[in-house]
Amino acid sequence: TFCYNCLLEVLVKAGRHRQGYRIYCEEMLATCEPDVYTYAALLRGFCRAREVDEACRLFDEMKARNLVPNVYLCSILIDGLCKTKKSNEALRVFRDMQKSGILADTVIYTSLLSGFGREKKLNEALELLEEMIEDGCQPNLVTYNSLIDGLCKDNQTDRARELLEKMKREKCMPTLVTYNTMLDGLFRAGKMDDAIALFEEMLSMEIAVDVVTFNIVISGLCRAGKIEAALSSFHRLMGKHCQPNVITYSVLIDGLCKSNRVNQALKLLASMKEAGCAPDVVTYTMLVDGLCKESRVAKAADVLREMLDSGCVPNLVTYNSLLHGLCKMKRVTEALNLMRQMSDKGVKPNVITYGTLIDGLCKIGQVEEAYKLLGELVEKGGTPDLVIYNILINGLCKQDKVDDSIRLLGKMIETGLKPD
RNA sequence: UUUUUAGACUCGACGU
């Protein structure tokens with residue numbers, strides 16, 4: 001059992017959890033008894049791959065083998081649920097855990113708290129903070145960092161800063177992660193001057209900044225449409241403080257694409273490869289998307305080819321970008337075919353996939369067909385969002401079906417969505 | 001005198 005556990009752990013760490021699971025099923029069960037460590041490794045593998053349903057199944061399987069879950073196992077599962085934005089479900093698992101007599105610790109509370117923060121449920125997060133203290137679990141550096149991140153992403157940068165000061169008073173010293181979090185928050189909140197000031201302050205502090213810091217600055221500048229400033233920061237800062245990584249290049253490539261400078265983005269792709277930095281599926285997808293938006297489908301196909309040759313596997317976003325490209329060129333039939341193909345390859349269409357195709361159909365006047373796709377989305381358990389309704393309402397209006405459009409608007413409001 | 005199986009925090013891409 002111990003040997004197999006080690007093997008599973010190595011496989012999982014290398015992202016080969018599927019293989020690990022096969023060994024568990026085919027060899028391990030036949031020769032020895034799996035224990036809680038076995039399940040910890042497997043759960044972690046599935047959670048990391050965001051296959052949380054499978055993780056939940058394994059968790060039940062483990063209980064069926066009369067193994068008693070402990071705080072580690074619960075924590076892995078709860079963290080997996082939180083990271084897939086199912087913090088309410090995570091909280092349910094947590095309450096069950098408490099009922100069964102397992103004592104919670106700081107790590108598990110922090111997972112939950114950061115999960116609620118991720119879903120912008122700051123009140124719940126703050127309630128958990130109080131609860132954990134009452135429960136005898138002291139918030140630590142990670143807990144505070146998670147809360148600062150949640151507050152920032154909910155546009156509450158002032159409260160985040162207060163929390164940072166509070167940390168210092170409580171002698172829980174902020175680290176680089178804390179400052180990086182705060183810096184990113186200021187950029188996202190559009191507080192450019194504050195962000196730049198904090199960055200300068202960071203450069204003068206004892207703590208050495210890292211590539212994440214630079215990536216935050218460069219992406220902040222790109223998001224604000226300051227691509228030139230981003231490029232000059234890149235040239236100025238990189239090499240001196242640290243080496244750019246795949247994210248650094250990708251941020252810039254995306255920035256260039258979004259400023260309609262796709263050719264320059266392609267040049268940057270070449271230089272990143274020269275610098276020995278391997279582009280990943282995200283990098284290539286940005287370029288495919290940029291090229292499709294300029295209707296350069298042939299070039300997009302070249303980039304896609306290169307991506308496949310380099311061993312990257314197209315993911316949901318890659319497909320969505322391609323589908324958007326096809327729809328833009330009114331090649332909606334091909335797009336529909338591609339959507340079926342992606343399902344066959346195990347890439348499950350999401351609400352954005354449907355939105356892309358529904359819009360494509362509306363724009364070629366096939367609102368009826370678009371409605372059918374909406375039906376399909378709902379059938380498959382998806383929930384139409386505001387954008388989907390906007391697309392259809394717009395499509396109906398363009399067909400002068402204003403009454404239908406008003407009816408749909410009413411239906412949308414019934415589901416609790418606010419029109420924008 | 002010290003380490004050998006498990007968990008939490010920050011950066012990038014897609015639809016109106």
Side-chain angles (χ1 to χ4, degrees), chain A residues 1-3 5-10 12 35-41 43-44 47 70-80 82 105-115 117 140-150 152 175-185 187 210-220 222 245-255 257-258 280-290 292 315-324 327 350-360 362 385-395 420:
Chain A
T1 303
F2 179 84
C3 282
N5 286 350
C6 290
L7 176 63
L8 288 183
E9 203 198 318
V10 170
V12 161
D35 62 10
V36 282
Y37 292 99
T38 315
Y39 286 100
L43 281 181
R44 193 158 152 65
C47 285
N70 58 24
V71 68
Y72 285 92
L73 287 154
C74 294
S75 157
I76 296 169
L77 187 66
I78 285 172
D79 189 57
C82 286
D105 63 10
T106 299
V107 172
I108 203 159
Y109 270 114
T110 301
S111 269
L112 278 164
L113 200 145
S114 106
N140 62 17
L141 174 70
V142 180
T143 318
Y144 283 120
N145 286 347
S146 305
L147 260 177
I148 288 177
D149 189 46
C152 281
T175 59
L176 180 60
V177 173
T178 319
Y179 287 106
N180 281 345
T181 307
M182 196 64 233
L183 184 65
D184 186 59
F187 272 116
D210 68 357
V211 65
V212 174
T213 317
F214 292 115
N215 290 344
I216 290 169
V217 172
I218 292 172
S219 67
C222 284
N245 64 14
V246 58
I247 296 189
T248 322
Y249 283 106
S250 300
V251 167
L252 285 167
I253 286 175
D254 189 52
C257 286
K258 295 211 161 66
D280 65 10
V281 58
V282 176
T283 322
Y284 283 116
T285 298
M286 289 163 166
L287 283 160
V288 167
D289 185 60
C292 282
N315 65 18
L316 179 59
V317 181
T318 318
Y319 279 106
N320 285 347
S321 297
L322 287 167
L323 291 169
H324 186 235
C327 287
N350 67 357
V351 63
I352 296 186
T353 318
Y354 279 94
T356 306
L357 281 149
I358 290 174
D359 187 55
C362 285
D385 64 5
L386 179 62
V387 177
I388 298 268
Y389 281 104
N390 282 345
I391 291 167
L392 281 163
I393 288 169
N394 185 36
D420 64 355

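Because only heavy atoms are used, hydrogens play no part in the values below, and waters and symmetry mates are left out as well, while side chains stay in. Residue numbers begin at 1 in each chain, while the letters A, B, ... track the order of the sequences.
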Exercise for the section: Report yes if the side chains of D254(A) and V282(A) come closer than 4.5 Å at any heavy-atom pair, otherwise no. Expected result: no
Practice task
Indicate whether OP1 or OP2 belonging to C14(B) is found under 4.0 Å from a side-chain N or O atom of K258(A).
Solution key: yes
Exercise for the section: Give one of base, sugar-phosphate or nothing for N315(A), where a contact means two heavy atoms less than 4.0 Å apart. Expected result: base
Handout entry: By side-chain contact (heavy atoms from CB on, under 4.5 Å) - contacts of D385(A) (at least two apart)
Key = V351(A), V387(A), I388(A)
Fill in the blank from the handout: Between CG of L113(A) and P of U10(B) the distance, given in whole Å, is 12 Å
Exercise for the section: Could you pull out all residues at least two apart from D359(A) that satisfy side-chain contact (heavy atoms from CB on, under 4.5 Å)? Expected result: K363(A), I391(A)
Practice task
For L357(A) and G15(B), give me the distance from atom CG to atom C1', rounded to whole Å.
Solution key: 9 Å
Exercise for the section: Answer with base, sugar-phosphate or nothing: what part of the nucleic acid does S250(A) contact at a heavy-atom distance below 4.0 Å? Expected result: base
Handout entry: Any residue meeting side-chain contact (heavy atoms from CB on, under 4.5 Å) with V10(A), in chain and number order, not counting sequence neighbours
Key = none
Handout entry: d(OH, Y249(A); P, G12(B)) in whole Å
Key = 19 Å
Practice task
Assign V211(A) to base, sugar-phosphate, or nothing according to its heavy-atom contacts below 4.0 angstrom with the strands shown.
Solution key: nothing
Exercise for the section: Rounded to the nearest angstrom, tell me the gap between atom CG in D184(A) and atom C1' in U10(B). Expected result: 7 Å
Practice task
May I have the distance from I352(A) (atom CD1) to C14(B) (atom P), rounded to whole angstrom?
Solution key: 8 Å
Problem - S250(A): partners by side chain to side chain donor-acceptor pair (under 3.5 Å), with sequence neighbours left out - result: T283(A)
Problem - side chain to side chain donor-acceptor pair (under 3.5 Å) partner of N320(A), chosen from D289(A), T285(A), T356(A), T353(A) - result: T353(A)
Practice task
With heavy atoms under 4.0 Å as the rule, sort V351(A) into base, sugar-phosphate or nothing.
Solution key: base
Practice task
Could you tell me whether the side chain of D385(A) has a donor or acceptor atom within less than 3.5 Å of a complementary atom in the base of G15(B)?
Solution key: yes
Exercise for the section: Indicate, with a heavy-atom threshold strictly under 4.0 Å, whether S219(A) touches base, sugar-phosphate, or nothing. Expected result: sugar-phosphate
Handout entry: Heavy-atom donor-acceptor pair, T356(A) side-chain to G15(B) base, under 3.5 Å
Key = no
Handout entry: Sugar-phosphate, base or nothing in reach of V251(A), heavy atoms under 4.0 Å
Key = sugar-phosphate
With a 3.5 Å cut-off and sequence neighbours excluded, list the donor-acceptor pairs that the side chains of residues 72-79 of chain A form with protein atoms.
{"unit_1": "D79(A)", "atom_1": "OD1", "unit_2": "K83(A)", "atom_2": "NZ", "d": "3.2"}
{"unit_1": "D79(A)", "atom_1": "OD1", "unit_2": "S111(A)", "atom_2": "OG", "d": "3.1"}
{"unit_1": "D79(A)", "atom_1": "OD2", "unit_2": "K83(A)", "atom_2": "NZ", "d": "2.6"}

Problem - Nucleotide G15(B), atom C1' - distance to CG of L322(A) in whole Å - result: 14 Å
Practice task
Could you state the atom-to-atom distance from CG of N320(A) to C1' of G15(B) in whole Å?
Solution key: 8 Å
Handout entry: Annotated protein contacts, base or backbone, on nucleotides 3-8 of chain B with a non-hydrogen cut-off under 4.0 Å, one of B, S, - each
Key = --BBBB
Handout entry: Atom of V12(A), atom of R44(A) and distance for their closest heavy-atom approach
Key = CG1-C, 4.3 Å
Exercise for the section: Would you mind reading off the distance between I247(A) atom CD1 and A13(B) atom P, rounded to a whole angstrom? Expected result: 10 Å
Practice task
When you get a sec, tell me which of A13(B), U10(B), G15(B) is the closest nucleotide to the side chain of D359(A)?
Solution key: G15(B)
